[in-house]
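Contents: one structure, followed by commentary.
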Amino acid sequence: MTVHTDTPGSVTAVYKVTGMSCGHCEGSVSGEISQIPGVSSVKAVASTGEVTVVSEAPLDDEAVRAAVDEAGFELAGRA
């Protein structure tokens, strides 16, 4: 589990997502996760399967899982 506190009021978490293979995949995952309340930035990298999320507070893993599922991929857990 990787969670870092970057600046006051900011939390960074890294998730593993399976099935991403291209920039379109990255955009789909990023777009869905960015809709979760409190998320300020999302960076998905298909080559590593890692998705880095910066938010105001720690996110509920089930909310992240639902967003990844909506994008058509599977959340494998935290990196």
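Predicted model, so just to flag it, every value in this text is computed and none were measured.
Leu75 approaches Lys16 most closely through the heavy-atom pair CD1-O, 3.5 Å. Residues Phe73 and Gly19 share a closest heavy-atom pair of CE2-O, 3.3 Å. The minimum heavy-atom distance linking Ala71 with Ser28 is given by the pair CB-O, 3.7 Å.
Note that CD of Gln35 and OG of Ser30 are 11.5 Å apart. Values are rounded to the nearest 0.5 Å. Expressed to the nearest 0.5 Å, how far CD1 of Ile36 lies from CG of Asp60 amounts to 8.5 Å.
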Show your reasoning for whether side chain to side chain contact (heavy atoms under 4.5 Å, CB included) applies to Val64 and Val53. CA-CA 10 Å; Val64 176; Val53 182; 5.7 Å; no

Quick one: do Val29 and Tyr15 satisfy side chain to side chain contact (heavy atoms under 4.5 Å, CB included)? Show the steps, please. CA-CA 11 Å; Val29 170; Tyr15 299 92; over 6 Å; no

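Counting heavy atoms from C-beta on, the side chains of Thr12 and Thr52 come closer than 4.5 Å. The side-chain heavy atoms of Ile33 and Val51, taken from C-beta on, include a pair separated by under 4.5 Å.
The salt bridge (charged side-chain N to carboxylate O under 4.0 Å, His left out) pairs that include a residue from residues 28-52 number zero, where partners must be two or more places apart or lie in different chains.
When hydrophobic clusters are built by joining Ile, Leu, Val, Met, Phe, Trp and Tyr residues whose side-chain heavy atoms come closer than 4.5 Å, directly or via intermediates, Met20 is grouped together with Val39. Linking ILVMFWY residues whenever their side-chain heavy atoms come closer than 4.5 Å, directly or via other members, leaves Val54 and Val68 in distinct clusters.
Under the 3.5 Å distance criterion, the side-chain polar atoms of Ser55 are left unmatched by any main-chain donor or acceptor of Gly38.
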